[in-house]
J.: 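One structure follows; several queries about it will come next.
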Protein chains: 2
Amino acid sequence: MVRLSTTSYVVLGMVALRGPSTPYDLKRAVGHSVGYFWHFPHAQLYSEPKRLTAAGLLEVSTEETGRRRTTYSISESGLAALRKWLAEPTHEHFQMRDVAELKLFFNEVDDSRHVRELALEQVAAHEKRIAEYEDMQRRFDQPAVARRMITLRLGLEMEHAALRFWRSLAEETED
Amino acid sequence: MVRLSTTSYVVLGMVALRGPSTPYDLKRAVGHSVGYFWHFPHAQLYSEPKRLTAAGLLEVSTEETGRRRTTYSISESGLAALRKWLAEPTHEHFQMRDVAELKLFFNEVDDSRHVRELALEQVAAHEKRIAEYEDMQRRFDQPAVARRMITLRLGLEMEHAALRFWRSLAEETED
DNA sequence: GGCCAACCGTCCGAAACGGACGGTCCGAAG
DNA sequence: CTTCGGACCGTCCGTTTCGGACGGTTGGCC
């Protein structure tokens, strides 16, 4: 049995949600959904399905004509593996990767003026992201996708938390 | 000139903050500071300083006796590089990596009972993390490290946001 | 002197990363 | 009818990251 990484489950999950998909489909779908909270280089959306197919978790079908795209669909055992993972307890705490936070942490080394600039940039960035999220919420206000929109609420909470923080930092560093 | 990654700046910044350090020192220091918001495999704390030394950004000195540990300190040009980075605008948005969020996103595939379990686990995890952070705040309530404690406030904000979300989700999925 | 726990460092295979590259299809403009 | 550009689609490859296994050292305590 192959070792399944989180990467694998993202692919599995995506195919399960969307139905049969080509890597390119997945790429776009990831881009405006799961990609917001789990970074995913596109090249893996071509290689990972191959591994999963070899493991019997995905099934492949190739177009007869034209571009001969390959479409993947989830197999019984793929669905089973996915569900097993979903049911398992989750031990890992989330990981952040925030360059701004890093720079803030090392701020002692430098002029505090830059902290203010950093804070202002971050305020702008998070406001922008919040606007995007709210726009998505509006556009997908349909019962069909309601369940997968829950995640957006978490995203929004996080964004607002960050925004609050950087805003207050910007205020505190006012001259 | 070598290409500097964020990894490089973490090492540079750490040495700048702590003064001369061995990789092992860095490992422990990272473990209870920057490691909370930027994951860092220890092996890199041995290899990266080597690269940085080759680039002239760190300086090395080796113990004469006993274990012959190597201690790195930051050079003038290292400090300059670090400050340059700190002053640069930050374009990237933070990245999250949250398995729980992924599972939530794919929840449609599965029984909603598992969503509740997930939420409860997450509530516990975030409460624990918050307690850790608050403990750190209490222990390091000294002017000497005040500036680098700011980051904790952001961490706490994020944790509380997540906690709020998972708590409300747990309530909503109550039977 | 022996033993254990913390200390310290290396190595290596497997993923992940990301960006350059190259081809294909289709509609619109000339 | 031809050309052209933009979206579409996929591969490749060198570099970094990852993480965990492994192994040696040191000092204090029994």
Side-chain angles (χ1 to χ4, degrees), chain A residues 1-12 14 18 20-32 34-35 37-55 58 60-72 91-93 95-97 99 102, chain B residues 1-12 14 18 20-32 34-35 37-55 58 60-72 91-93 95-97 99 102:
Chain A
M1 196 61 195
V2 221
R3 173 114 203 85
L4 296 186
S5 63
T6 308
T7 301
S8 320
Y9 292 111
V10 172
V11 172
L12 241 30
M14 269 313 198
R18 299 186 22 97
S21 315
T22 68
Y24 189 71
D25 291 338
L26 294 178
K27 179 193 165 179
R28 275 180 316 147
V30 162
H32 49 73
V34 100
F37 52 89
W38 194 282
H39 169 77
F40 221 105
H42 65 151
Q44 260 164 279
L45 292 172
Y46 291 89
S47 56
E48 190 62 23
K50 279 182 195 155
R51 283 190 61 229
L52 294 173
T53 305
L58 289 182
V60 73
S61 83
T62 307
E63 268 181 357
E64 293 297 321
T65 70
R67 288 198 186 180
R68 309 185 54 77
R69 298 191 200 78
T70 53
T71 301
Y72 295 93
H91 299 301
E92 307 123 272
H93 194 275
Q95 268 183 41
M96 284 281 296
R97 249 146 205 267
V99 205
L102 276 183
Chain B
M1 195 62 193
V2 221
R3 173 113 202 89
L4 296 186
S5 63
T6 308
T7 301
S8 320
Y9 291 111
V10 173
V11 172
L12 240 30
M14 268 313 199
R18 297 185 27 94
S21 314
T22 68
Y24 189 70
D25 292 337
L26 293 178
K27 179 193 165 181
R28 275 180 316 147
V30 162
H32 48 73
V34 99
F37 52 89
W38 194 281
H39 169 78
F40 221 105
H42 64 148
Q44 261 164 277
L45 292 171
Y46 291 89
S47 56
E48 190 62 24
K50 279 183 195 154
R51 282 190 62 231
L52 295 174
T53 305
L58 289 181
V60 72
S61 83
T62 307
E63 268 181 355
E64 293 297 321
T65 70
R67 288 197 187 182
R68 309 187 54 77
R69 296 191 202 78
T70 54
T71 302
Y72 295 94
H91 299 301
E92 307 122 273
H93 193 274
Q95 268 184 41
M96 284 278 297
R97 244 139 210 273
V99 206
L102 275 184

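In what follows, every chain begins at residue 1, and chains take the letters A, B, ... in the order their sequences are listed.
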J.: Between C1' on dT11(D) and OH on Y46(A), what's the gap in Å once rounded to a whole number?
T.: 9 Å
J.: Of the non-hydrogen atoms in L58(B) and P49(B), which two are nearest, and what is the gap between them?
T.: CD1-CA, 3.9 Å
J.: For a quick test of reading the model: is some side-chain N or O of S5(A) closer than 4.0 Å to OP1 or OP2 of dA14(C)?
T.: no
J.: Starting at OH of Y72(B), measure out to CZ of R18(B) and round the result to the nearest 0.5 Å.
T.: 14.5 Å
J.: How long is the line joining CZ of R3(B) and P of dT17(D), in whole Å?
T.: 11 Å
J.: Counting just side-chain N and O atoms, does R69(B) come under 4.0 Å of either OP1 or OP2 of dC8(C)?
T.: yes
J.: What do the steps show when you test M96(A) against M96(B) for side chain to side chain contact (heavy atoms under 4.5 Å, CB included), and what is the final call?
T.: CA-CA 5 Å; M96(A) 284 281 296; M96(B) 284 278 297; 3.4 Å; yes
J.: For nucleotides 18-23 of chain D, tabulate all protein N/O to nucleotide N/O atom pairs closer than 3.5 Å, reporting atom names and distance.
T.:
from, atom 1, to, atom 2, distance (Å)
dC18(D), OP1, R97(A), NH2, 3.0
dC18(D), OP2, R97(A), NH2, 3.4
dG19(D), OP2, H39(B), NE2, 2.3

J.: Using whole Å, what does the distance between atom C1' of nucleotide dT16(D) and atom NZ of K50(B) come to?
T.: 16 Å
J.: To the nearest Å, give me how far apart CG (L45(A)) and P (dC17(C)) are.
T.: 11 Å
J.: Provide, to the nearest angstrom, the distance between the CZ atom belonging to R51(A) and the C1' atom belonging to dA16(C).
T.: 12 Å
J.: Tell me, please, which residues at least two apart from R97(A) pass salt bridge (charged side-chain N to carboxylate O under 4.0 Å, His left out).
T.: none
J.: From CZ of R28(B) over to P of dG9(C), roughly how many Å is that when rounded to an integer?
T.: 11 Å
J.: Rounded to whole Å, how long is the line connecting atom CG of D25(B) with atom P of dC8(C)?
T.: 7 Å
J.: Side-chain N or O of Y24(B) less than 4.0 angstrom from OP1 or OP2 on dC7(C)?
T.: yes
J.: Measure across V34(A) and V10(A) and return the closest heavy-atom pair with its distance rounded to 0.1 Å.
T.: CG1-CG1, 4.1 Å
J.: I need the minimum non-hydrogen distance between R51(A) and R3(A), along with the two atoms involved.
T.: NH2-O, 2.9 Å
J.: Suppose we screen for ring-ring contact (aromatic ring centres under 6.0 Å, His included). Which residues come up paired with Y9(B), at least two apart in sequence or across chains?
T.: W85(B)
J.: Between dC8(C) atom P and Y72(B) atom OH, what is the distance in whole Å?
T.: 15 Å
